[in-house]
There are 2 protein chains.
Amino acid sequence: MRNTRKSGKVTLADVARAVGVSAITVSRALREPDKVSATLRQRIDHTIRELGYVPDPVARALVTGRTNIIGVIIPSVTNNVFADVLRAVYDVIRMTDFGIQLGNSRYSLLEEEKLVRLFLSQKPAGLIVAGVDQSEATRSLLVEASCPVVQIMEVGDDPIDMMVGFSHYEAARAATRHLIDRGYRRPAFVAARMDPRSQRRLQGFREETEVQGLFDETRIITTQRPSSVAMGVELFGELMSVAPDADAVLCNNDDLALGVLFEAQRRRFRVPDQLGICGFNDLEFCAVAEPSMTSVRTFRHEMGERAIRMLVSAIEGKRPEEALVDLGYEVVHRRSTR
Amino acid sequence: MRNTRKSGKVTLADVARAVGVSAITVSRALREPDKVSATLRQRIDHTIRELGYVPDPVARALVTGRTNIIGVIIPSVTNNVFADVLRAVYDVIRMTDFGIQLGNSRYSLLEEEKLVRLFLSQKPAGLIVAGVDQSEATRSLLVEASCPVVQIMEVGDDPIDMMVGFSHYEAARAATRHLIDRGYRRPAFVAARMDPRSQRRLQGFREETEVQGLFDETRIITTQRPSSVAMGVELFGELMSVAPDADAVLCNNDDLALGVLFEAQRRRFRVPDQLGICGFNDLEFCAVAEPSMTSVRTFRHEMGERAIRMLVSAIEGKRPEEALVDLGYEVVHRRSTR
DNA sequence: CTGTTAGCGCTTTCAT
DNA sequence: ATGAAAGCGCTAACAG
């Protein structure tokens, strides 16, 4: 017999009654143990276990005006990049008593806005949102929000609150430079799901090739459709039909790059001599592909970790000194480029 | 000037006062519009917009004893399989006003139990958990839970409540049969992260090869370490060192299979003649790999969709007639097997 | 160190 | 069709 109330619910008052103290004392024993005498604390702890009391976070949230839920809004749950960030988030909050409410904006500013509104109405402890391209409405909601906010994936000027990411523009420029340095003279850019980050990568590719006098619009193949390995196959086919002389391809991500690699093999291209391939993100498989794949390494786990740590610090009132963290990137050369 | 209270919060009472009715009437206008006269309803709606009133789900949850949050507990957020399920979940709940609290049990029964306890204490509207191998404690928590529960990924006897998945044992048996039917006589099994579902796949492989008189323990290579493409490379290397005569390999999942494919290419194996490769799940890339990859298709999106639909129906009091759905599987033959 | 008093914002009776 | 009263379980604020 663990409890008696008809609802099967043991409340703070029940514990208090059993111990013979007031409810607030039990509450204190739970949240600020130092403020309760040691013996009493023990008696309370004992009774709590005996009765099987479990605090009701909802009641607490009503009075404090805050839940212990951290909202995370990302544009895709199937994209490995976000999955890696999310894993890091879980690795950290596992130690805390925060929960994660995950929202999927499906790359839509409107859905993002709805989610922000929804999440905010639930009084989250903090919010993590992807990217820096929120709608005006979303942005002001977030600015006005009474909880800390971290933007991830990218860095930019004027963060809403805190920010951790890297420059997609710079990363793509560096990758383009890598290809050119390796001697490729007709580099192509292949991308799907042209979200703002992809746009900035394209911009990096464009400006670097222009600077080097190697820009050619026909070697830019993009689509709004979702990214996938199959899409890499398709886009490479397209590239070959409009610019068969392309000698290298910078892909917007590693899935596309894998598709390009498969299709290149199917067409008996010699990689990397006849065709150089560079991915983006350096997913785990890049290192072991055959041939192994050049890619731009991004620090996704660290990004999630830093983001959640900054957020938790801010929630606890200790604002981290650096509210804008640029994690950088690293072009990792492997056998798919010469 | 949208609101006046110092907290910046507009409450039901504010709206009621502005309209000149009681709070409960506003509450009704929101949740049971039919019970309020049309004209009044309009005035209320108007005032709500004017004041920018947003209902407080926390206060509602305190009195109703239920939030509108659906808890989802999966063992991994980076595994594509769960990501696909999750995407489906979002595709459906997007239309509703439910939110998703996502928990990551990291393949640990203990962490799963903690998450269930945590989630349950927050009064979820419903719960989705992966697999059928909960700890005894978790199971009884779930059985006693006052919200509907759906187990996904697998089917088994005695569901906690509802269930949608497929038989991993049968699926692996069918894949093994496929290899044998194709003429392979020394099939191997390669697996990482030996969770219960992997164990049952192994069991399926084992029993089918035994029945056909082709079982050989040395051709079973498994590890508890996490699965990855790189791990596929490693395990295939191990297989080749202990059983170099293996002529086919059934992989526990597609990532491993991709690793095996890469390593086989590196070693200049002729796939599929010299070596047949079969993956599991039929991720998107299987169809476009070079050579394209045989795999066991699983219906992950449908699984997530069915699960969340069943759950929502149950939450709304309309229990679906079929509380146990077996989605089956399909061996998809492609060029990586002859 | 411990208690009293008020409510948080909403919905459930039970009336009218 | 509308309302009054009561309270969900907890904690802030102020005593003592």
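Every chain is numbered from 1 and lettered A, B, ... according to where its sequence line falls, protein lines coming before strand lines. None of these values were measured; they are calculated from a predicted model. All values below were derived from every heavy atom in this structure, side-chain atoms included, with hydrogens, water molecules and symmetry-related copies excluded.
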Below 4.0 angstrom, which residues in residues 36-48 of chain B have at least one non-hydrogen atom near DNA chain D? B:Val36, B:Ser37, B:Leu40

Is any side-chain N of the basic residue among A:Arg106 and B:Asp91 closer than 4.0 Å to the acidic one's carboxylate O? yes

Without decimals, in angstroms, what is the distance between B:Ile24 CD1 and D:dG7 C1'? 13 Å

Verify whether one side chain among A:Ser121 and A:Arg117 offers a donor that lies under 3.5 Å from an acceptor in the other. no

Would you mind telling me which of C:dT11, D:dG3, D:dG9 lies closest to the side-chain atoms of B:Val63? C:dT11

Under the salt bridge (Lys or Arg N to Asp or Glu O under 4.0 Å) test, residues paired with A:Asp158 that sit two or more places apart: A:Arg139

Got a salt bridge between A:Lys114 and B:Asp97, using NZ or NE/NH1/NH2 to carboxylate O under 4.0 Å? no

Nearest-angstrom distance from the residue atom CG of B:Asn68 to C1' of C:dC10: 14 Å

Among C:dG9, C:dT4, D:dG9, which nucleotide sits nearest the side chain of B:Thr11? C:dG9

Would you call A:Glu322-A:Arg306 a salt bridge at under 4.0 Å N-O? yes

Looking at the side chain of A:Leu62, which of D:dA4, D:dG9, D:dT11 is the nearest nucleotide? D:dG9

Considering every strand and a 4.0 Å limit on heavy-atom distances, what is the contact class for B:Val21: base, sugar-phosphate, or nothing? sugar-phosphate

We want to know whether A:Glu113 and A:Ser135 form a side-chain donor-acceptor pair, criterion being a heavy-atom distance below 3.5 angstrom. yes

Does A:Asp195 pair with A:Arg193 as a salt bridge, N-O distance under 4.0 Å? no

Whether B:Asp34 and B:Arg28 form a salt bridge (side-chain N of Lys/Arg under 4.0 Å from carboxylate O of Asp/Glu) is what I want to check. no

In this structure, how many angstroms lie between the P atom of C:dT12 and the CZ atom of B:Arg66, rounded? 13 Å

Just to be sure I understand the geometry, which residues of residues 25-33 of chain A put a non-hydrogen atom under 4.0 Å away from DNA chain C? A:Thr25, A:Arg28

